Q: 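One structure is given below, represented as structure tokens, and several questions about it will come after.
Note that this is a predicted model, so its numbers are computed, not measured. Atoms within each ligand, like the ligands themselves, are counted from 1 in listed order.
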Amino acid sequence: MTQEDIFKKLIAHCKEYGFVFPSSEIYDGLAAVYDYGQNGAELKNNIKRYWWEAMTLLNDNVAGIDSAIFMHPTTWKASGHVDAFNDPLIDNRDSKKRYRADVLIEELLAKFDEKIEKEVEKAAKRFGSAFDEKLFRETNPRILENREKRGILHARFAKALNDSNLNELKQIIVDYEVVCPISGTKNWTDVRQFNLMFATEIGSTADGAMKIYLRPETAQGIFVNFLNVQKTSRMKVPFGIAQIGKAFRNEIVARQFIFRMREFEQMEMQFFVRPGEEMKWFEHWKQFRLKWHKALGLGDHKYRFHDHDKLAHYANAATDIEFEMPFGFKEVEGIHSRTDFDLSSHEKYSGKNIKYFDPELNESYVPYVIETSIGVDRTFLSIMAASYDEQQLEGGDSRVVLHLPAVLAPVKAAVLPLIKKDGLPEKAREVMNLLKFDFKTVYDEKDSIGKRYRRQDAVGTPFCITIDHETLENESVTIRFRDTMQQERVKIADLYKIIEKEVSMKNLLKKLI
Ligand code: ATP
């Protein structure tokens, strides 16, 4: 099965099992907008809780806020979004499809990487245990040739981006003979800039309505509250402000499911530091954030850092944490050193003093900022993609199982009476009532026990608890473990401890310190 097929199956699975639905589906949906169903909402909430607690509990110098989506329109002048929050777009005249010019070129770069990796894979197979990968990478002529070609393209691309040279972006697409995957032709328009912000109006026209924007990032709500939080919490630099919330971008290309949405959710933290100390903190947060991802246990090799080719106008360092999605390594989180750009700019546009008085240095300054910005939806997708598994079982049977990190699973335990009579349903309800205050628990009595196990596997429930006649005699149940399918007879009184050990947020958070 190709990666593309697996991705399609994952999307279908998300819909079938109540994780993600297309928005307003009865009206045929709305491009790049999605709703989270009963299981999706639980998983999403658990991801957010993990982030919130990792940032605000483990770091006592990070405070969380919740600012409004609507902001004064000057905010977006000051932040640079009105003038510069653009993507370069290009259309194919034959298919009438629209693309991001920079993404088309990134895909070209990825092709060189793929060629190199294929050579390595082939050679590893050929030479077996005698294979010296490092030496091969350094000396194989085809690898060297592809690396050189990639380097030339990369340098040209980075320069075009940094110069905002749209003609050059188009020229690269022409020179490298990029074809539209739909029409198969090279009939491209010129590259144009497209602003990604959604505008709307606030107030009635009689009042003199004002044009405002749906926020394209949550960060600005933090910057404008910098002094409010600093003064009311009396925190000293270095400190951070975190928040989780919706953001909106009129993305040019609406593909890849919840990877690129027009309405999505971000978890952002701005960490305010003394000017000159930003690189130290940049490194600190890079490592902390990578640890956060890896602690989920989806596989360390699925993550990598990717430094930016083009630094935003405000940044002096930037890197992405990329995750290996079914469609390649893609950004899930950005870590940026934003200098004093945002606060200084708000100072200028608002005319208010936004300086911090540093009691140790006995001087006032505009702090520098390290930002960590992660998408809830992309994290959700990375977890689902890494957890989805189609297994062939002994005896010709098969199952689809989600190996979700137990602490994030939408349902922690399913309580299943073996049959629907003899007092077993009542006993099952009793067990459920015992657990439901601590864990999201469901009750299911329909169909054979095997079918019920499969249903729970498909949504990633780590524990199934079966109530049978023996339960009535000696207060014991069978507990079945999702990943191994092993079953054990345990006392009802021990259930809390067994489940808690696996699903505890505390145990996960402890891995971060
Ligand atoms: P990209 O280059 O993929 O458009 P970006 O660099 O513009 O992303 P940032 O502005 O750094 O993204 O936003 C921070 C995070 O917010 C991203 O790492 C991503 O997880 C999330 N994010 C950004 N845009 C979207 C979107 N359209 N849909 C879902 N998540 C998004």
Side-chain angles (χ1 to χ4, degrees), residues 20 23 30-36 40 44 47-48 51 76 79-81 84-89 99-107 109-110 157 161 193-198 214-222 242-270 282 285-286 289-290 292-293 303-315 317-323 325 327-338 341-342 369-385:
V20 183
S23 154
L30 184 63
V33 186
Y34 290 91
D35 296 337
Y36 286 84
K44 206 172 168 217
I47 294 170
K48 290 193 274 187
W51 184 86
W76 306 109
S79 68
H81 283 81
F85 194 52
N86 301 319
D87 275 343
L89 69 84
Y99 298 89
R100 264 174 66 175
D102 55 334
V103 172
L104 289 179
I105 300 171
E106 275 165 12
E107 283 169 3
L109 287 167
F157 175 47
L161 285 181
Q193 292 288 26
F194 176 79
N195 192 288
L196 301 181
M197 278 200 296
F198 286 101
L214 295 185
R215 65 180 179 199
E217 62 176 27
T218 62
Q220 298 304 324
I222 294 178
Q243 87 163 322
I244 299 177
K246 286 276 173 103
F248 305 83
R249 296 182 187 179
N250 197 2
E251 296 282 358
I252 298 170
V253 182
R255 275 198 290 265
Q256 295 172 323
F257 192 40
I258 55 172
F259 181 79
R260 192 169 296 289
M261 302 158 91
R262 295 200 164 111
E263 172 180 341
F264 57 100
E265 212 163 351
Q266 291 184 312
M267 306 187 279
E268 296 198 296
M269 192 238 0
Q270 312 296 323
F282 179 66
W285 285 108
K286 259 175 80 172
R289 292 302 311 146
L290 187 64
W292 183 91
H293 287 275
Y303 298 92
R304 70 179 189 197
F305 283 122
H306 173 251
D307 293 334
H308 283 202
D309 290 326
K310 182 196 178 195
L311 289 179
H313 53 286
Y314 51 75
T319 195
D320 294 334
I321 295 177
E322 294 187 335
F323 183 83
M325 299 280 185
F327 40 89
F329 271 95
K330 297 284 170 195
E331 167 182 349
V332 286
E333 173 156 8
I335 299 161
H336 311 121
S337 173
R338 292 180 79 126
F341 170 80
D342 300 87
V369 172
I370 304 302
E371 165 182 82
T372 68
S373 172
I374 170 173
V376 179
D377 312 273
R378 285 190 192 176
T379 308
F380 184 108
L381 182 59
S382 66
I383 292 167
M384 287 297 279

Q: Would I258 count as being in polar contact with ligand 1, using the rule that some N or O on each side must be under 3.5 angstrom apart?
A: no
Q: At what distance is the nearest protein heavy atom to atom 22 (N) of ligand 1, and which residue and atom is it?
A: F264 CE1, 3.4 Å
Q: Check ligand 1 against M261 and write out every atom of the ligand that is under 4.0 Å from a heavy-atom position of the residue.
A: 26 (C), 27 (N), 28 (N), 29 (C)
Q: Would you say the side-chain atoms of R249 pair up with the backbone N or O of M261, donor to acceptor, closer than 3.5 Å?
A: no
Q: By number and element, which atoms of ligand 1 are closer than 4.0 Å to a non-hydrogen atom of E251?
A: 24 (N), 26 (C), 27 (N)
Q: Taking only residues two or more places apart in sequence, or in another chain, which ones meet E322 in a side-chain contact (heavy atoms from CB on, under 4.5 Å)?
A: R304, H306, D320, F329
Q: Is the closest side-chain donor-acceptor distance between E333 and H293 under 3.5 Å?
A: yes
Q: So is V332 close enough to ligand 1, meaning a heavy atom under 4.0 angstrom away?
A: yes
Q: I need the nearest protein heavy-atom contact for atom 21 (C) of ligand 1: residue, atom name and distance, please.
A: G375 CA, 3.7 Å
Q: Who passes side-chain contact (heavy atoms from CB on, under 4.5 Å) against A242, sequence neighbours left out?
A: W51, T56, V62, M269
Q: Do the charged groups of E217 and R338 touch, with an N to O distance under 4.0 Å?
A: yes
Q: Looking at E251 and A32, would you say the former's side chain and the latter's main chain have a donor-acceptor pair under 3.5 Å?
A: no
Q: Look at the side chain of D87 and the backbone N and O of D102, then say whether any donor-acceptor pair between them is shorter than 3.5 Å.
A: no
Q: Pull out every atom of ligand 1 sitting under 4.0 Å from any heavy atom of S373, numbered as shown with elements.
A: 13 (O), 14 (C), 15 (C), 18 (O)
Q: With a cut-off of 4.0 Å, which atoms of ligand 1 are near a heavy atom of E333?
A: 18 (O)
Q: Decide whether an N or O pair under 3.5 Å exists between E268 and ligand 1.
A: no
Q: Any side-chain heavy atom of D342 within less than 4.5 Å of one from V369?
A: no
Q: Would you find a donor on one side and an acceptor on the other, under 3.5 Å apart, between the side chain of R378 and the backbone of F259?
A: yes
Q: In terms of residue, atom name and distance, what is the protein heavy atom nearest to atom 29 (C) of ligand 1?
A: F259 O, 3.3 Å
Q: Nearest protein heavy-atom contact for atom 16 (O) of ligand 1: which residue, which atom, what distance?
A: Q266 NE2, 3.3 Å
Q: For atom 4 (O) of ligand 1, which protein heavy atom lies nearest, and how many Å away is it?
A: R260 NH1, 2.8 Å
Q: Identify which of R249, H336, M267, E331 has a heavy atom lying nearest to atom 18 (O) of ligand 1.
A: E331
Q: Specify side chain, backbone, both or neither for Q256, according to which of its non-hydrogen atoms lie closer than 4.0 Å to ligand 1.
A: neither
